[in-house]
Amino acid sequence: MPCPTSILPCGQMDHALDSSNLAGSCQEGAAASPFLRWQNARKQVKSLPAMNETEPTESELLHFRRAKLEELQKRGIAAFGGKFEVSHDPGALRAQFIAGDVAEGTPVRIAGRVLSRRDMGKATFFDLGDITGRIQCYLSKGDVGEESYDLFNQQIDIGDFVGLEGKTFVTRRGERSVHVDRLVPLSKALRPLPDKWHGVTDKEIKYRQRYLDLVSNDRSREVFVIRSRMIAEIRGYLHGRNFLEVETPMMQDVPGGAAARPFETHFNALDQQMFLRIAPELYLKRLLVGGFPRVFELNRNFRNEGLSRRHNPEFTMLEAYWAYADFEQMADLVEDLICHLAQKFCGGLVIEHKDEEGNVTRTIDLTRPWKRAPFRELVRAAAGDDWFELDKAAKVERAQSLGLQEVEAREEHYELDQKVFEKLVEEKSFNPVFVTHVPKELVPLAKQNAADPSVVDVYELVINGQEISPGYSELNDPVVQRERLEHQAGEEVQKIDEEFILALEHGMPPAGGIGIGIDRLIMMLTGAESIRDVILFPQLKRRD
RNA sequence: GCGCGGGUAGCUCAGUGGUAGAGCAGUUGGCUUUUAACCAAUUGGUCGAGGGUUCGACCCCCUCCCCGCGUACCA
């Protein structure tokens with residue numbers, strides 16, 4: 001068999017290609033009769049209201065595709081393909097071609113999904129693509145022969161995966177393309193793709209059938225590629241600073257490290273109740289006890305709480321601990337890390353969020369140094385200098401006059417302060433602010449401030465109106481830690497993780513710790529309005 | 001949980017108390033450098049589900065399901 005390319009030796013050609021009957025220049029002697037049978041079969045299909053074996057309610061669209069599949073199979077063509085060695089990814093090939101790294105006339109083997117087609121009669125253009133992008137391909141009857149050409153045109157649909165071999169060329173209009181010599185089906189799509197121009201806009205389809213969103217929406221593809229690369233970059237950044245990545249239990253006896261409702265499960269072998277973790281914190285601190293000076297974990301947490309634009313029950317968290325550091329050193333680290341990501345992926349420190357039409361809806365300026373301010377100072381600036389001298393009734397009145405409806409006098413002072421902070425400071429802070437000296441009731445795992453024990457040595461980093469990252473000087477006194485956990489704020493007093501206290505009693509070095517909500521960080525950097533737009537498969541309610 | 005908005009062809013969307021519409025996709029025919037290809041013809045619907053009002057309901061009313069936004073919950 002003559003081999004038209006130098007990319008692969010003929011011995012590596014896959015069987016599907018050889019047996020496909022679709023090969024053009026390399027294949028001789030295929031009979032004309034199978035093609036005629038195919039045409040007859042197709043005409044029969046059209047006249048049948050419901051195909052023999054398929055569901056009677058199936059739409060006509062699906063009948064045609066199933067008929068094509070059956071015909072492929074009847075002809076002994078592997079409609080669902082097999083191994084196909086490629087020389088390039090479609091989008092990467094186009095990019096390299098444009099950049100001049102691939103010359104015109106280069107033999108290539110590519111595979112992907114047929115995304116669109118323009119049938120010119122005796123020649124057809126089609127786009128082949130995947131997450132890397134797409135490249136135009138050109139198939140002409142003169143080159144591959146009438147039989148192969150007609151077979152392609154009549155049984156390959158938009159949505160099918162194909163593999164092909166050809167040479168790069170540039171069309172009259174300057175489009176970098178591949179001139180197809182041989183083509184093989186790799187997978188039949190029995191259902192059509194979404195609208196080629198609008199893609200999927202229905203949110204429910206986007207989230208439930210993310211693959212359709214990824215196939216048809218450029219921006220969705222971009223966001224998830226960026227997400228993946230950012231996470232790799234974060235890991236590299238921390239590895240480069242001698243942080244060791246570890247994995248700690250996601251199934252825990254005592255769900256600690258945060259105050260959130262956990263998901264419960266049951267472990268049959270031990271007949272005991274278990275919980276999906278709400279945070280890895282208490283295990284990472286055990287590793288500080290064990291002598292790891294710098295550790296991090298970047299993985300999922302689970303919280304059994306509401307769904308919203310900013311909340312998904314499983315979300316990705318980075319936690320990192322640095323022995324002998326404090327919260328200010330951790331703030332420096334986070335500031336540097338986020339700026340590093342912005343510069344690498346967003347082209348600079350000024351992030352613009354845009355709407356569908358491309359209008360800038362929000363600008364976030366990450367220029368360093370980032371503002372650092374005490375919690376109380378920010379609350380005073382928002383709610384009045386005398387805020388902390390007010391009694392509860394006066395606070396409620398003040399809060400309501402400032403537009404907060406959901407405040408009541410029966411709430412504790414710190415709760416009223418917290419609400420004012422969330423509504424009047426956090427939600428209005430788009431440029432980065434490290435909020436420091438937070439009331440200790442809110443943070444039982446951090447060290448109290450030496451000068452003012454009513455506050456703790458922590459920061460809460462707010463960007464884009466959301467808390468993106470907390471950082472602590474970690475509490476390492478086991479006696480104080482027990483007391484703080486016993487007296488923590490909140491409705492439910494949590495069960496204390498005795499194993500954690502036991503570990504502290506063996507001595508934990510002073511350390512700085514951080515958490516970064518990766519999903520929210522990516523929202524901020526990509527301009528996504530909903531957490532669902534940065535999580536591939538966000539939680540939705542089951543459909544009955 | 002509550003409030004508001006939405007659910008119509010495979011996809012994107014119109015629509016009116018009186019026979020269900022368009023574009024794309026699909027099907028058929030034409031076209032060998034097109035690119036939201038083009039030209040011509042054409043198929044395709046449980047109008048989210050179930051009840052009710054009405055001579056007649058996609059439309060009005062009730063209940064339910066799902067999605068979005070807000071709110072509540074969420075150290």
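A, B, ... follow the sequence lines: proteins, then strands. Residue 1 opens every chain.
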Atom pairs under 3.5 Å: protein N/O with N/O of nucleotides 5-10 of chain B:
none

Sugar-phosphate only, base, or nothing, as touched by [X] at under 4.0 Å among non-hydrogen atoms:
{"X": "Arg176(A)", "result": "nothing"}
{"X": "Leu212(A)", "result": "nothing"}
{"X": "Arg303(A)", "result": "nothing"}
{"X": "Thr201(A)", "result": "sugar-phosphate"}

Can you say whether a donor on the side chain of [X] sits under 3.5 Å from an acceptor on the base of [N], or the other way round?
{"X": "Arg118(A)", "N": "rU34(B)", "answer": "yes"}
{"X": "His198(A)", "N": "rC11(B)", "answer": "no"}
{"X": "Thr171(A)", "N": "rU34(B)", "answer": "yes"}
{"X": "Gln136(A)", "N": "rU34(B)", "answer": "yes"}
{"X": "Tyr138(A)", "N": "rU32(B)", "answer": "yes"}

> For RNA chain B, whose closest nucleotide is more 5', that of Val170(A) or that of Tyr472(A)?
Replying inline: Val170(A)
side-chain hydrogen bond (donor to acceptor under 3.5 Å, both in side chains) with [X]: which residues, sequence neighbours excluded?
{"X": "Asp457(A)", "result": "Asn449(A)"}
{"X": "Tyr459(A)", "result": "Ser469(A)"}
{"X": "Arg65(A)", "result": "none"}
{"X": "Ser140(A)", "result": "Asp143(A)"}

Let me know the distance between [atom1] of [X] and [atom2] of [N], rounded to the nearest Å.
{"X": "Arg172(A)", "N": "rA37(B)", "atom1": "CZ", "atom2": "P", "result": "18 Å"}
{"X": "Glu314(A)", "N": "rC74(B)", "atom1": "CD", "atom2": "C1'", "result": "17 Å"}
{"X": "Glu60(A)", "N": "rG26(B)", "atom1": "CD", "atom2": "C1'", "result": "7 Å"}
{"X": "Arg66(A)", "N": "rG26(B)", "atom1": "CZ", "atom2": "P", "result": "18 Å"}
{"X": "Asp143(A)", "N": "rU32(B)", "atom1": "CG", "atom2": "P", "result": "14 Å"}
{"X": "Asp127(A)", "N": "rU33(B)", "atom1": "CG", "atom2": "P", "result": "17 Å"}
{"X": "Asn153(A)", "N": "rU34(B)", "atom1": "CG", "atom2": "P", "result": "17 Å"}
{"X": "Leu540(A)", "N": "rC69(B)", "atom1": "CG", "atom2": "P", "result": "11 Å"}

> Counting distance only, does the side-chain N/O of Ser148(A) pair as donor-acceptor with the main-chain N or O of Gly145(A) below 3.5 Å?
Replying inline: no
> With no hydrogens and no angle check, is any side-chain donor or acceptor of Tyr472(A) less than 3.5 Å from a backbone partner on Lys447(A)?
Replying inline: no
> Of the nucleotides rC74(B), rG68(B), rU34(B), which has the atom closest to the Ser177(A) side chain?
Replying inline: rU34(B)
> Among the nucleotides rC67(B), rU34(B), rC69(B), which one has an atom lying closest to any side-chain atom of Arg532(A)?
Replying inline: rC69(B)
Quick one: is [N] close enough that its OP1 or OP2 comes under 4.0 Å of any side-chain N or O from [X]?
{"X": "Lys203(A)", "N": "rC67(B)", "answer": "no"}
{"X": "Arg310(A)", "N": "rC74(B)", "answer": "no"}
{"X": "Lys196(A)", "N": "rC24(B)", "answer": "no"}
{"X": "Lys68(A)", "N": "rU27(B)", "answer": "yes"}
{"X": "Arg309(A)", "N": "rG70(B)", "answer": "yes"}

> Can you tell which of Asp157(A), Asp127(A), Asn153(A) makes a side chain to side chain donor-acceptor pair (under 3.5 Å) with Arg117(A)?
Replying inline: Asn153(A)
Expressed as a whole number of Å, how far does the [atom1] atom of [N] sit from that of [M]?
{"N": "rC47(B)", "M": "rU16(B)", "atom1": "C1'", "value": "13 Å"}
{"N": "rC24(B)", "M": "rA9(B)", "atom1": "C1'", "value": "12 Å"}
{"N": "rC13(B)", "M": "rG17(B)", "atom1": "P", "value": "24 Å"}

>> Suppose we screen for salt bridge (Lys or Arg N to Asp or Glu O under 4.0 Å). Which residues come up paired with Glu222(A), at least two apart in sequence or across chains?
In response: Arg219(A)
> Does rC2(B) pair with anything, Watson-Crick or G-U wobble, both distances under 3.5 Å, and if so, with which nucleotide?
Replying inline: rG70(B)
>> Tell me whether Glu175(A) is salt-bridged to Arg94(A), with the criterion being a basic N under 4.0 Å from an acidic carboxylate O.
In response: yes
